[in-house]
Amino acid sequence: MSSMELQQPTASGSNKNGDHESQSQMLSPGHKRGGWFTFFFVSATLTGLMIAGWGWLTNLIVYLIEEFNVKSIDATQISNVVNGSINLIPIIGAVLADSFLGSFHVVSISSLFSLLGIIALTLTATLSHLRPQHCGTGSTLCHTPSKLQLAVLYTGIALASIGLGVVRFTLASLGANQFDSPEDQGVFFNWFFFIFYSACVVSSLGIVYVEDSISWGLGFGMCAAFNFLGLVIFFLGNRFYRHDKPQGSPYTSLARVIVAAIRKRNVLVSSESKYYYHKINDGASKAIAATPKRSFRFLNRAALITEGDISSDGSIAKPWNISSVQQVEDLKTLIRILPLWASTVFLATPIVIQTNMTILQALAMDRHLGPNFKIPAGSITVVVLISSAIFIALFDRFLYSTWQSLTGRSLTPLQRIGAGHVFNILSMAISALVESKRLNVAHDNHLQDHQGGAAAVVPMLALWLFPQLIVVGMGEAFHFPGNVSLYYQEFPVSMKSTATSMISIVIGVAFYVSTAVVDLIRNVTGWLPDDINDGRVDNVYWTFVVLGLLNYGYFLLCAKFYKYQNLEQEAEANTQI
């Protein structure tokens, strides 16, 4: 799976070899920690936790509407906040893993939080006094949840969100840390995301079907069982894992660069290597450039040696007065990536809104497949997961190898992200056309202003929603692994857990942005009423087609000026997009 190998700086492997060997020796003779044997435990843990997490999260909008009498657009807004939190929380887990606790303890604690949260959700579904009475068919008098009912519901959602949010990407970092070579790490990430998508597909089909067709309590109970099973398997693999040793907060060193640069703002920048500090805090040499790079020259002052900065033994005397050249370059790397990161936020925002609107559209369409089977509305977006899993495998096996044969170069992460932008814009256009057709059918059948808890069902098959979901899945197969590869490759070695969580942070911010955008659209236009049959969701999609084109232009501009820090990738990047 060479197409997705992460060409990170070799210092990552070399810095950890000693620790890995010493940790391996702690095991009994004949056993060695790490390697592909640990993949069974990591993948089984991932499978259990993702089936559990996706089982409640995918169907949350439907649960709020049907069981807690929440209005449809309000339910999507709550879902946006929950999903945003789930995708922002990983940065907290990354900081704890990199700086204090290590990946193993963070995964263990977050999995336990997830289990407790799902148990609370199961109680709301099984105990009648923990949820309001159902709305009668066609009734406009619906009971709102009590404070106690909302307290239990939101406590369960909060705990389950913390667990699901933290565990995904911290587990990815733990798994990647079991390997020394970038090639093995690249293969691991391929399979990790394939299993991730596959587990989500199983959950979105199986668990959601049980929730909709049999019992919400049984469905949530199955989620709790899978969570518990995943946690047990994770603990069973403990004696085989390489346990990463926290090195202290890398964020402190980045802050010191800024402080030192400000304090030395009046010092002249030198072009000679001898005036800069080239060692890390323990005095070890670092294989870096002779002098800081010319970009962001103001920060170079942080590594300039001035009187009193260095002790007689060569160690740092005033930590907040001087930083190493490597620490300065690490901060510059993060600054360079920020514009690309921002473009990805506006790549993810339309996908978030499309996902929520698709569920509302599915609730107002004919979801029958034959006389006896009805697709759960919460399962409709599983098409994206299936599409992503299939196309990740197809691209890896065929497209990337063919591209390399024809051009002599591998597709860079930025090229993959750029392709994802194109498919995303195409998906929004297809969504707009399909919704226009659905609205025409609704108007022809006079299905606007339906009285009751939800929009009237339009005589149009929900299968019409599949093409847009397949295309957005193709886009995710490009830009999701591409973003993870870019961040893992480019981030400082001490921030690898943060690197794998960066794409999650992007998605989290996108959920909050989408919440604000939906509120803005509701306040300024009449496109999103409670009854979407009387709205203009197609205009929302067309708006994102235009914004997507503008964002793609911005991305191309950022990509043109971005230079990979890895020299092997940088040679290929000269012709990147």
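Numbering starts at 1 and runs along the sequence shown.
Taking the six-membered ring for Trp and the full ring otherwise, the centers of Tyr63 and Phe68 sit less than 6.0 Å from each other. Note: Phe196 and Trp54 meet the aromatic proximity criterion, with ring centroids under 6.0 Å apart. For Phe234 and Phe104, the gap between ring centers is short of 6.0 Å. Side-chain rings of Phe37 and Tyr241 stay apart, their centers remaining 6.0 Å or farther from each other.
The heavy-atom pair separating Ile207 from Cys223 by the smallest distance is CG2-SG, 3.6 Å. Across all their heavy atoms, Ala559 and Leu340 have their closest contact at N-CD2, 4.0 Å. For Ile470 against Ser387, the heavy-atom pair with the smallest separation is O-OG, 2.7 Å. Gly55 and Glu211 get closest at one heavy-atom pair: O-OE2, 2.8 Å.
Side-chain contact check for Trp56 versus Val82: some heavy-atom pair is nearer than 4.5 Å. Here the side chains of Trp542 and Val545 are in contact, with some heavy-atom distance below 4.5 Å. Here the side chains of Val422 and Tyr552 are in contact, with some heavy-atom distance below 4.5 Å. In this structure, the side chains of Leu461 and Met365 stay at 4.5 Å or more apart for every pair of heavy atoms. The side-chain heavy atoms of Asp366 and Val458, taken from C-beta on, include no pair separated by under 4.5 Å. Residues Val382 and Thr58 fail the side-chain proximity criterion, which asks for heavy atoms closer than 4.5 Å. In this structure, Glu66 and Trp216 have side chains that are in contact, with non-hydrogen atoms separated by less than 4.5 Å. Two residues are said to be in side-chain contact when any heavy atoms from C-beta on lie closer than 4.5 Å; Val210 and Phe220 fail this criterion.
Tested against Asn227 for a side chain to side chain contact (heavy atoms under 4.5 Å, CB included), the candidates Val232, Leu116, Ile118, Ile119 yield a single pass: Ile118.
Counted by atom type alone, Ser79 and Asn83 present one or more donor-acceptor pairs between their side chains at under 3.5 Å. A donor-acceptor pair shorter than 3.5 Å cannot be found between the side chains of Asn551 and Ser343. Side chain to side chain, Thr333 and Glu490 fail the donor-acceptor criterion of an N or O pair below 3.5 Å. In this model, no donor atom of one side chain and acceptor atom of the other lie less than 3.5 Å apart for Asn356 and Thr76. One side chain, Ser85 or Tyr512, offers a donor N or O that lies under 3.5 Å from an acceptor on the other. Side chains of Arg438 and Asn533: a donor-acceptor N/O pair is present below 3.5 angstrom, by distance only.
Expressed to the nearest 0.5 Å, how far CD1 of Ile351 lies from CG of Asn424 amounts to 4.0 Å. If you take CG on Leu57 and CD1 on Ile157, they are separated by 9.5 Å, rounding to the nearest 0.5 Å. To the nearest 0.5 Å, atoms CG (Leu338) and SG (Cys558) are separated by 10.5 Å. Separating the CZ atom in Phe511 from the CD1 atom in Ile353 is a distance of 10.0 Å, to the nearest 0.5 Å. To the nearest 0.5 angstrom, Lys374 atom NZ is 11.5 Å from Leu369 atom CG. To the nearest 0.5 Å, the span separating OG1 on Thr515 from CG on Leu520 amounts to 12.5 Å.
Annotation for Tyr197: atom OH counts as buried by contact number, over 12 foreign heavy atoms lying within 6.0 Å. By the neighbour-count criterion of 12 heavy atoms within 6.0 Å, atom OH of Tyr554 is densely surrounded, having more than that number from other residues, nucleotides or ligands. Environment of CZ in Phe41: crowded, with over 12 heavy atoms of neighbouring residues, nucleotides or ligands closer than 6.0 Å. Within a 6.0 Å sphere centred on CZ of Phe398, heavy atoms belonging to other residues, nucleotides or ligands number 12 at most. Crowding of Trp403 atom CH2: a count of heavy atoms from other residues, nucleotides or ligands under 6.0 Å not exceeding 12. Dense packing is recorded around CZ of Phe391, with more than 12 heavy atoms of other residues, nucleotides or ligands lying under 6.0 Å away.
Between the side chain of Thr47 and the backbone N or O of Ala199 there is no donor-acceptor pair closer than 3.5 Å. Remark: side-chain polar atoms of Thr344 are not paired, donor with acceptor, to backbone N or O of Leu347 under 3.5 angstrom. A distance-only check finds a donor-acceptor pair linking the side chain of Ser405 to the backbone of Ser401 [under 3.5 Å]. Listed for the Ser388 side chain is a donor-acceptor partner under 3.5 Å among the backbone atoms of Gly473.
Taking 4.0 Å as the cut-off between side-chain N and carboxylate O, Arg522 and Asp74 count as a salt-bridged pair.
Classified by interplanar angle (parallel below 30°, tilted 30° to 60°, perpendicular above 60°), the ring pair Trp191/Phe194 is perpendicular.
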For this session: Output, in order, the C-alpha distance, side-chain angles, deciding distance and verdict of ring pair (Phe, Tyr, Trp, His ring centres under 6.0 Å) for Tyr209 and Phe373.
Result: CA-CA 10 Å; Tyr209 178 79; Phe373 181 75; 5.8 Å; yes
Exercise. Going through the checks in order, is the ring pair (Phe, Tyr, Trp, His ring centres under 6.0 Å) test met by Tyr541 and Trp527?
Worked result: CA-CA 11 Å; Tyr541 287 133; Trp527 297 347; over 10 Å; no
